[in-house]
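The residues of the chain are indexed from 1 along the displayed sequence.
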Amino acid sequence: MSTPPRPSQAGRLIAGDELETRTADAYRAMMLRARQVVSAAMRDGSGEAAARGWERLPDAPPPPTAPPTARPTPWPDLPPAAREDLLRRAQAAGNAPRPALVHVPQSLDRPRAGPLEGLAMVVKDLLDVAGQPTRNGTPGGAWREPDVSCAAWERLAAAGAVCVGKSATHEMGWGATTPAVEHPQDPARLAGGSSGGSAVAVAAGLVAGALGSDTGGSIGIPAALCGVVGLRPTHGMVPTAGATPLAPGQDTIGPLTRDVSLCLRLFGLLSGRPVPVPVPEVEGLRVGVLTTGPVQPGVAEQVERAVDGLAGRGARPVYVTVPETGWAAAASLLVMLHASARLWAPAVLARPRHWGSAARALLTLGTELDDADASTALQASRAVRRALADCFATAALDVLVFPTTPCTAPPRGEQTVQVGGRPQLVAAALSRYACLGAVTGAPTLSVPCGVDGAGLPVGLQVLGPPGSEPLLGRVGATVEAAR
């Protein structure tokens, strides 16, 4: 693939734009540090071996053996007042000072018959829905008016789901905070991103489910901060056609919901792989508890309580350390910078005012990386994947659990957050553990496991081998039942 033209001064495409410059300077420092981390890690060539037992997707699971959950109330049975109320609430959400929805249709499509008939959902504004604009959170970059829905939404619409609006996203999906959206509990806090609008719409009770996308933790982060369930499926399990790409090697589409059962139900339809109804049954499962870096005390306490709850249901906790996971954030950052620049830097350079300040910086900064940098980052990703697979094999693990984020929702407007007694950049802190699924391609489920002393939600992340979404659902349902 050809290398895009390099701006004369990356991050300074519009003179005097201080946010653009600050973003470029901050991420350049992170980029250089990430390059050092992955280069040092790969000097012994440890990223070349295959991940034992994780080489391919598993065969399709058998059909569900548990009885199906009750269907949502079919749309034809909803009185006109209920339909009008749903649309009115969606329009109100779109008119809020920091709206979770960026577009609401004037009328709602009548749903098709199917297992989701009448289920109201929102769709992240990176994903096409026929008849509704896709604007990517930008002032004009890559806007489109699609006549055809993205493959993921079409599968849900074919099952009867109805889109009541497009949800706000961090611009181009490049960010961990979605600053334009208010946290559902505290407007002074960040909702997380980049699927922040989807998480807020679910947490606020506007809809039961939403579609998000995830390139470096963008489903798990807002799910954890807002107190909802979010699934990043195995990479490649859900089609991404019709979605705005950022880094295709890590891009994934997945559901955010109020509960684990609906989350897995939507996954089954999105993937075309029927899954059993998740039940809170973990007897005999070996649950790896990953040793991580510093986390806030309130997060550590709730994660440990969740582990104790799993043990109380018959699971066997096994505390493990996988040093290679410390490379994941660096590898993810380099992959995202390099890939997004190859996709979007020419368009940004041609029409810089079609993109916001931070996006201009991020979508062009990767031009300072070459293909060798990207290759080293991919080697590091493979090394993390191999190390996790070896940990699963050596310790005979079924799943691995750890905090989705090391902190609860950070204050709005702050550049750093206190974790372990030290300030950390908000974006770096939020994505540090949430990016593990993106880097390895493994599925991850973020499920609420409690609240900190300020009443802010804490998320537990459950990771398993490729194709293990049904098992993640069982663990998540057990954590959910304990609450």
Side-chain angles (χ1 to χ4, degrees), residues 51 53-72 112-117 119 121 123-124 127 149-161 208-214 219-220 223 229-243 248-257 259-282 285 385 389 392 398-400 437-438 440-447 461-478 480:
W54 289 21
E55 294 88 349
R56 64 178 182 87
L57 297 181
D59 296 331
T65 54
T69 56
R71 286 171 54 173
R112 306 174 212 177
L116 299 181
E117 190 172 346
L119 181 71
M121 296 185 64
V123 177
K124 186 177 182 179
L127 315 179
S149 296
C150 70
W153 174 249
E154 178 56 32
R155 291 184 176 186
L156 298 185
L211 268 189
S213 66
D214 188 311
I219 289 176
V229 179
L231 174 68
R232 179 195 163 92
T234 303
H235 188 262
M237 190 84 77
V238 177
T240 56
Q250 294 187 179
D251 290 347
T252 309
I253 294 173
L256 297 98
T257 61
D259 58 68
V260 173
S261 180
L262 180 58
C263 194
L264 269 291
R265 187 181 186 196
L266 294 178
F267 164 72
L269 293 165
L270 287 166
S271 65
R273 300 163 65 88
V275 297
V277 176
V279 293
E281 175 54 63
V282 292
L285 290 185
R385 179 182 172 94
F392 268 73
D398 293 295
V399 297
L400 195 65
T440 62
T444 55
L445 179 73
S446 182
V447 59
Q461 189 156 225
V462 190
L463 179 149
S468 63
E469 285 86 350
L471 181 57
L472 303 192
R474 284 172 52 195
V475 176
T478 304
E480 188 174 73

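- In terms of heavy-atom proximity, Gly473 sits nearest to Val260 at O-CG1, 3.5 Å.
- Here OG of Ser446 is found 10.5 Å from CG of Asp214. Values are rounded to the nearest 0.5 Å.
- The closest donor-acceptor contact from the side chain of His235 to the backbone of Thr252 lies at 3.5 Å or more, if one exists at all.
- Closest approach of Thr257 and Gly209 over heavy atoms only: CG2-CA, 4.1 Å.
- Proximity of Leu445 to Gln461: side-chain heavy atoms (C-beta onward) are nowhere separated by under 4.5 Å.
- At least one side-chain heavy atom of Val399 sits under 4.5 Å from a side-chain heavy atom of Leu472.
- With values rounded to the nearest 0.5 angstrom, Phe267 atom CZ is found 4.5 Å from Met237 atom CE.
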Check: Going through the distances and angles, do Thr234 and Glu469 end up as a side chain to side chain donor-acceptor pair (under 3.5 Å)?
Finding: CA-CA 8 Å; Thr234 303; Glu469 285 86 350; 2.8 Å; yes
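- No side-chain heavy atom of Leu269 sits less than 4.5 Å from a side-chain heavy atom of Arg155.
- Considering only heavy atoms from C-beta on, Leu270 comes within 4.5 Å of Pro255 through its side chain.
- Residue Leu285 holds its CG atom at 4.5 Å from CG of Asp398, rounded to the nearest 0.5 Å.
- The two residues Leu127 and Gly212 have their closest heavy-atom pair at CD1-O, 4.3 Å.
- Using a 4.5 Å heavy-atom threshold, the side chains of Leu231 and Ile219 count as separate.
- Under the side-chain hydrogen bond (donor to acceptor under 3.5 Å, both in side chains) criterion, Glu480 pairs with no residue at all, not counting sequence neighbours.
- Between the side chain of Arg474 and the backbone N or O of Val277 there is no donor-acceptor pair closer than 3.5 Å.
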Check: Is there a side chain to side chain donor-acceptor pair (under 3.5 Å) between Arg232 and Thr444 once you walk through the steps?
Finding: CA-CA 5 Å; Arg232 179 195 163 92; Thr444 55; 5.3 Å; no
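- Here CG of Leu211 is found 4.5 Å from CE of Met121. Values are rounded to the nearest 0.5 Å.
- For the atom pair CD of Glu281 and CG of Leu471, the computed distance is 11.0 Å after rounding to the nearest 0.5 Å.
- What you find for Pro470 and Pro276 is that their closest heavy atoms are CB-CD, 4.0 Å.
- Looking only at side-chain heavy atoms (C-beta outward), Leu400 and Val462 stay at 4.5 Å or farther from each other.
- Contact check for Pro233 versus Pro443: no side-chain heavy atoms found under the 4.5 Å cut-off.
- In terms of heavy atoms, Arg385 sits closest to Pro466 at NH2-CG, 4.0 Å.
- Gly464 and Ala442 get closest at one heavy-atom pair: O-CB, 3.3 Å.
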